[in-house]
**Student:** 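Dropping a structure here in structure tokens format, bear with me for questions.
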Amino acid sequence: MLARPDALPGARAAACLTQFKQRPPLIHCLTNEVVQSLTANVLLALGASPAMVVEPSEAAQFSAVADALLINIGTLNAPRAESMLAAVAAANRAGTPWALDPVAVGGLAYRTAFAKRLLDEKPAAIRGNASEIMALGGLQASGRGVDSADDSLAALPAARELARSSGAIVAVTGAVDYVTDGRREWAVAGGDALMTRVVGTGCALSAVVAAFCCLPGERLDNVATACRVMAHCGGLAAAAAAGPGSFTPAFLDALYRLRAEELQ
């Protein structure tokens with residue numbers, strides 16, 4: 001039986017969030033068209049600055065000046081792939097960390113091949129559900145589009161191997177999130193099932209992961225803190241909401257009001 005990793009210490013999460021608040025980052029989001037508004041609002045609520053520059057020459061130019069880059073392949077097409085490759089190349093030249101969200105990898109051939117190509121470009125972090133992480137690691141998975149039919153703990157061995165082979169911090173998210181560098185890992189509990197009834201919460205998490213990747217210090221702790229921030233605020237919002245319609249404003253309010261001491 002697979003042992004559950006220890007929980008991320010609250011003091012480490014609080015210290016990471018304090019650093020984040022001291023210098024809010026500029027995040028270049030090449031994300032899917034369905035979630036752009038929520039992603040931007042989540043970053044703004046936390047104090048970060050989002051930008052979504054998609055023309056290939058501008059995407060390359062902007063990634064060189066941003067603090068971090070998000071690559072989300074949810075609505076992938078050939079022009080968007082060109083922009084993503086240009087942005088990643090520019091980010092790597094500038095030393096800008098970037099995060100990959102391999103949306104629906106494993107279910108469709110084009111995006112699966114593209115995501116595996118991106119692994120060679122050395123992402124700083126990869127954030128996906130259990131089925132996506134298992135498929136990206138070359139294992140049989142049972143996801144359906146963006147929905148995972150696999151358990152996050154069951155995907156932890158695949159996440160470890162993917163982290164070792166790619167050099168990225170890998171966050172496999174679900175009822176409990178697990179964040180690993182291939183040797184060490186943290187568990188992040190919290191959140192609420194209501195978060196799965198609002199489009200874009202996972203994609204927005206990937207943007208927050210990208211934002212926390214540019215912090216100094218231990219990247220494993222930073223990525224786990226991004227997961228902790230979103231889970232904590234998601235739980236607060238779900239407790240206050242009557243359903244999906246009232247969840248989103250409550251979630252943004254919780255992110256806006258969040259203070260480091262709440263993560264202790």
Side-chain angles (χ1 to χ4, degrees), residues 24-44 46 48-129 132-133 135-136 143 145-146 162 165-171 173 199-215 219 223 226:
L26 171 63
I27 311 303
H28 184 191
C29 300
L30 281 169
T31 190
N32 79 70
E33 296 171 2
V34 180
V35 304
Q36 288 180 344
S37 179
L38 179 63
T39 298
N41 283 330
V42 163
L43 290 171
L44 285 168
L46 284 171
S49 297
M52 298 176 184
V53 181
V54 298
E55 201 286 323
S57 62
E58 289 188 338
Q61 182 181 2
F62 195 81
S63 282
V65 299
D67 293 302
L69 167 67
L70 168 66
I71 299 294
N72 174 310
I73 63 171
T75 50
L76 186 65
N77 55 34
R80 185 62 59 89
E82 181 185 359
S83 295
M84 289 176 173
L85 291 172
V88 166
N92 284 343
R93 287 193 298 269
T96 301
W98 65 279
L100 172 63
D101 187 337
V103 179
V105 159
L108 296 166
Y110 175 62
R111 71 185 53 242
T112 300
F114 184 72
K116 290 185 176 181
R117 177 181 176 183
L118 286 174
L119 290 181
D120 294 332
E121 301 299 326
K122 301 300 181 185
I126 301 167
R127 199 295 309 173
N129 64 37
E132 291 162 349
I133 295 301
L136 193 58
V146 299
L162 182 59
S165 63
S166 68
I169 303 298
V170 176
T173 55
V199 68
T201 53
C203 296
L205 169 57
S206 295
V208 176
V209 165
F212 274 77
C213 276
C214 66
L215 294 179
R219 184 164 286 163
V223 172

**Student:** Would you indicate whether the side-chain heavy atoms of Gln61 and Val53 approach each other to under 4.5 Å?
**Tutor:** no

**Student:** Rounded to the nearest 0.5 Å, what separation is found between the CG atom of Asn129 and the CD atom of Glu132?
**Tutor:** 3.5 Å

**Student:** Which heavy atom of Ala204 sits nearest to which heavy atom of Val42, and what is that distance?
**Tutor:** CB-CG2, 3.9 Å

**Student:** Would you sort out whether Lys116 and Val105 count as a side chain to side chain contact (heavy atoms under 4.5 Å, CB included), showing the intermediate values?
**Tutor:** CA-CA 9 Å; Lys116 290 185 176 181; Val105 159; 5.6 Å; no

**Student:** If you count the non-hydrogen atoms of other residues, nucleotides and ligands that lie under 6.0 Å from CD in Glu55, is the total more than 12?
**Tutor:** yes

**Student:** Donor-acceptor pair, Ser83 side chain versus Ala59 backbone, under 3.5 Å?
**Tutor:** no

**Student:** Any side-chain heavy atom of Leu43 sitting closer than 4.5 Å to one from Ser49?
**Tutor:** no

**Student:** Considering non-hydrogen atoms only, spot the tightest contact between Cys29 and Thr39 and give its length.
**Tutor:** SG-CG2, 4.1 Å

**Student:** If only atom types and distance count, is the side chain of Arg111 paired as donor or acceptor with the main-chain N or O of Ile73 below 3.5 Å?
**Tutor:** yes

**Student:** Are the side chains of Val199 and Leu38 in touch, meaning some heavy atoms are under 4.5 Å apart?
**Tutor:** no

**Student:** Can you give me the closest heavy-atom contact between Arg80 and Glu33, atom names plus distance?
**Tutor:** NH2-OE2, 3.5 Å

**Student:** Which value, rounded to the nearest 0.5 Å, describes the distance between Trp98 atom CH2 and Lys122 atom NZ?
**Tutor:** 10.5 Å

**Student:** Using side-chain heavy atoms (C-beta onward) and a distance below 4.5 Å, is His28 in contact with Thr96?
**Tutor:** no

**Student:** Show the numbers, then the answer: is there a side chain to side chain contact (heavy atoms under 4.5 Å, CB included) between Thr75 and Thr31?
**Tutor:** CA-CA 8 Å; Thr75 50; Thr31 190; over 6 Å; no

**Student:** Less than 4.5 Å apart, any side-chain heavy atom of Phe62 and any of Leu69?
**Tutor:** no

**Student:** Look at the side chain of Asp67 and the backbone N and O of Ile27, then say whether any donor-acceptor pair between them is shorter than 3.5 Å.
**Tutor:** no

**Student:** So, does Arg127 use its side chain to make a donor-acceptor pair with the main chain of Ile169 at under 3.5 Å?
**Tutor:** no

**Student:** Measuring from atom CG of Leu100 to atom CD of Glu121, what distance do you get when rounded to the nearest 0.5 angstrom?
**Tutor:** 11.0 Å

**Student:** So Ser166 and Leu136, side chain to side chain contact (heavy atoms under 4.5 Å, CB included) or not? Walk me through it.
**Tutor:** CA-CA 11 Å; Ser166 68; Leu136 193 58; over 6 Å; no

**Student:** Distance check, rounded to the nearest 0.5 Å: Met84 atom CE versus Asn72 atom CG?
**Tutor:** 6.5 Å

**Student:** For Ser63 versus Ala90, what's the shortest heavy-atom pair and its separation?
**Tutor:** CB-CB, 4.4 Å

**Student:** Out of curiosity, Ile71 CD1 to Phe114 CZ, how far, rounded to the nearest 0.5 Å?
**Tutor:** 7.0 Å

**Student:** Would Val103 and Leu76 satisfy side chain to side chain contact (heavy atoms under 4.5 Å, CB included), going step by step from the backbone distance to the final call?
**Tutor:** CA-CA 9 Å; Val103 179; Leu76 186 65; over 6 Å; no

**Student:** Of all the heavy-atom pairs spanning Cys213 and Ala124, show the shortest one and how long it is.
**Tutor:** SG-CB, 4.2 Å

**Student:** For a 4.5 angstrom cut-off between non-hydrogen side-chain atoms, does Leu30 reach Val88?
**Tutor:** no

**Student:** To the nearest 0.5 Å, tell me how far Leu205 CG sits from Asp101 CG.
**Tutor:** 8.5 Å

**Student:** Side-chain contact test, heavy atoms from C-beta onward, threshold under 4.5 Å: evaluate it for Leu44 versus Pro50 and give yes or no.
**Tutor:** yes

**Student:** What are the two closest heavy atoms between Pro102 and Gly128, and how far apart are they?
**Tutor:** CD-CA, 4.4 Å

